[in-house]
Amino acid sequence: MKLMKQLVALSALLICGLFIASCSKKPAQTGPPPPEVLVTTVTPQDVPRVLERVATLDGFINANINAQVQGYIISRDYQEGSVVKKGDLLFQIDPRPFEAALAQARGTLAKDKANQVKADADEKRAMDLFKKKVISDQERDTQVGDLVGPSTGPLTTMSQIDPIKAVVTAGEGPFTDFVSRHPDATERNAYIKSLEFDLILGNGEVYPKKGKFYALDRNLDTKTGSIRYYVTFPNPGNILRPGQFGKVRFVADIKKGAMVIPQEAVNELQGGYQVAVVGNDNKVSIRPVKMGERIGAMWEVTEGLKPGDKVVVQGGQKVREGAPVTVKDWTPPADALVSKADQQKKP
């Protein structure tokens, strides 16, 4: 019995020891999941270099209307902002002083003719009878309206708005770059005449009519270092008016076989550039690259990448060399290739 009690006690101790040992084991720890990144696949492509510039609309021809004679305005026969055509009456100046002057001139002419007849009859008295007689001034009724004349300034301004002109300003850098791309004057003129322009209105809508290049200023503005050029748009319904703001957009040229990636995918470090590339094993490698021209929100890679490479666009701050990642495709914005401001050709 004593032996049995010792065996039972020993068994109980073993069971308790095993229970305590099992309870003291900690569950295996698992690391955090790989960070998620958005990637773009490098693909050689023909990339349109789309430029966008702010523009102000102006009349194709603007003309000031000035009074050619002095007199009082008695009526204005148009409405501000209305469309007028050749022959339409704009202002009336009181005709009575001019009618009186005309009557006086006709009377003087008749008298002079009589004097001429008399002079032919009597040559000795010709000089005395040929003198011009001045009649008394005619009284005028009180006039209404402003007194205008050749020296009183414009009465109004008229603008031809079909076609309408868009005034665009370009910086000296882009202008110099343009000339360097097209050094031959004949080819340059043919090129700019071939361009088609879109007009983006203030509400973001695209005007349905295409514009054509019209003219370039002869010199740069010495104060701003910029130059203006002009684009004309058909405006048959007079929808567009001088003073409106908008943007002109056009395809400057096509870069053949360019490998472009989003600018936000490129990190600058000590004067160099590098990108994060995800391999087939979903691990990251950091590569140095050489960059070319910026095209809108994109950037041309000239060295360091090959077709098919997956470049991290977003989430790059969460990765390091050799780290695993979870990959999702990046979707470019619709206007990724649109250059919305003057940009340098090289970084």
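Side chains are part of it too, since the values below use all heavy atoms of this structure and drop only hydrogens, waters and symmetry mates. Heads up: numbering here begins at 1 and tracks the sequence.
Classification of Arg49 and Glu293 as a salt-bridged pair holds, one side-chain N sitting under 4.0 Å from a carboxylate O. Checked for salt-bridge contact, Asp177 and Arg181 meet the test: a charged N lies under 4.0 Å from a carboxylate O. A salt bridge links Lys255 with Glu300: at least one charged nitrogen is closer than 4.0 Å to a carboxylate oxygen. Taking 4.0 Å as the cut-off between side-chain N and carboxylate O, Arg228 and Asp221 do not count as a salt-bridged pair.
In this structure the side chain of Gln92 never reaches within 4.5 angstrom of the side chain of Ile73, judged on heavy atoms. Between Leu57 and Pro242 there is no side-chain heavy-atom pair separated by less than 4.5 Å. Here the side chains of Ile161 and Asn238 are in contact, with some heavy-atom distance below 4.5 Å. Taking the side chain as every heavy atom from C-beta outward, Val50 and Glu52 never approach each other to under 4.5 Å. The shortest distance between side-chain heavy atoms of Arg53 and Lys247 does not fall below 4.5 Å. Considering only heavy atoms from C-beta on, Val179 comes within 4.5 Å of Arg188 through its side chain. Looking at heavy atoms from C-beta onward, Phe213 lies in side-chain contact with Ile192 at the 4.5 angstrom threshold. Looking at Leu199 and Leu240, their side chains come closer than 4.5 Å, going by heavy atoms from C-beta outward.
Heavy atoms of other residues, nucleotides or ligands lying less than 6.0 angstrom from CG of Asn219 number more than 12.
None of Val168, Ile200, Leu51, Asp198 except one satisfies the side-chain contact (heavy atoms from CB on, under 4.5 Å) rule with Val248; the exception is Val168.
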For this session: With side-chain contact (heavy atoms from CB on, under 4.5 Å) as the test, would you mind laying out the steps for Val325 and Lys318 before giving the verdict?
Result: CA-CA 9 Å; Val325 291; Lys318 300 181 291 187; over 6 Å; no
Exercise. Does the side-chain contact (heavy atoms from CB on, under 4.5 Å) test come out yes or no for Phe60 and Thr232, once each step is laid out?
Worked result: CA-CA 8 Å; Phe60 183 68; Thr232 57; 3.8 Å; yes
Exercise. Taking it one step at a time, do Val275 and Leu305 satisfy side-chain contact (heavy atoms from CB on, under 4.5 Å)?
Worked result: CA-CA 9 Å; Val275 296; Leu305 294 177; 4.0 Å; yes
Exercise. Run the side-chain contact (heavy atoms from CB on, under 4.5 Å) check on Asp329 and Val39 step by step: do they pass?
Worked result: CA-CA 5 Å; Asp329 288 332; Val39 301; 4.2 Å; yes
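Note on Tyr214 and Phe197: separate hydrophobic clusters, where clusters join Ile, Leu, Val, Met, Phe, Trp and Tyr whose side-chain heavy atoms are under 4.5 Å apart, directly or indirectly. Both Leu220 and Tyr229 are assigned to one and the same hydrophobic cluster, defined by single-linkage of ILVMFWY side chains at heavy-atom distances under 4.5 Å. Hydrophobic clustering (ILVMFWY, side-chain heavy atoms < 4.5 Å, transitive): Val278 and Ile261 are in distinct clusters. Cluster annotation: Leu216 and Phe250 are assigned to the same hydrophobic cluster (Ile/Leu/Val/Met/Phe/Trp/Tyr, side-chain heavy-atom contacts under 4.5 Å, transitive). In terms of hydrophobic clustering, with Ile, Leu, Val, Met, Phe, Trp and Tyr side chains grouped at heavy-atom distances under 4.5 Å, Val284 and Leu38 are assigned to different clusters.
Across all their heavy atoms, Asp46 and Gly257 have their closest contact at OD1-N, 3.0 Å. Of all heavy-atom pairs between Pro48 and Ile295, the closest is O-CG2, 3.9 Å. Closest approach of Ser180 to Pro183, counting heavy atoms only: O-CD, 3.6 Å. Tyr207 and Pro234 make their closest contact through OH-O, 2.6 Å (heavy atoms, listed as atom of the first residue, atom of the second, distance). Heavy-atom minimum distance, Thr224 versus Ser226: OG1-OG, 2.7 Å. Here the closest heavy-atom approach between residue Gln314 and residue Trp330 is recorded as NE2-NE1, 3.7 Å.
Separation of atoms CG (Leu102) and CZ (Arg96) is listed at 16.0 Å; rounding is to 0.5 Å. Separating the CD atom in Gln104 from the CD atom in Glu99 is a distance of 14.0 Å, to the nearest 0.5 Å. The distance from atom CD1 of Ile65 to atom CG of Leu90, rounded to the nearest 0.5 Å, is 6.0 Å. Thr326 contributes atom OG1, which lies 7.5 Å from atom CG of Asn282 (distance to the nearest 0.5 angstrom). Atoms CG and NZ, on Asp253 and Lys256 in that order, are 10.5 Å from each other to the nearest 0.5 Å. Taken to the nearest 0.5 Å, the OG1 atom of Thr40 stands 11.0 Å off from the CG atom of Asp309.
Between the Trp299 side chain and the Gly292 main chain, a donor and an acceptor come within less than 3.5 Å of each other. At least one donor-acceptor pair under 3.5 Å links the side chain of Asp162 to the backbone N or O of Asn235. Put simply, the side chain of Gln263 gets close to the backbone of Gly296: a donor and an acceptor are under 3.5 Å apart. A donor-acceptor pair is defined here as one N or O able to donate and one able to accept, closer than 3.5 Å; no such pair exists between the side chain of Thr56 and the backbone of Val167. Side chain of Lys212 to backbone of Lys193: a donor-acceptor contact under 3.5 angstrom is found. A distance-only check finds a donor-acceptor pair linking the side chain of Asp184 to the backbone of Thr186 [under 3.5 Å]. Here the side chain of Glu321 pairs a donor or acceptor atom with the backbone of Ile286 at under 3.5 angstrom.
In this pair, Tyr191 and His182 present their aromatic rings parallel. The plane angle is below 30°, not in the 30 to 60° band.
For Lys165 and Tyr230, the positive end sits near the middle of the six-membered ring, less than 6.0 Å away and at most 45° from its axis.
Of the N and O atoms on the side chains of Thr43 and Thr41, not one donor lies less than 3.5 Å from an acceptor on the other residue.
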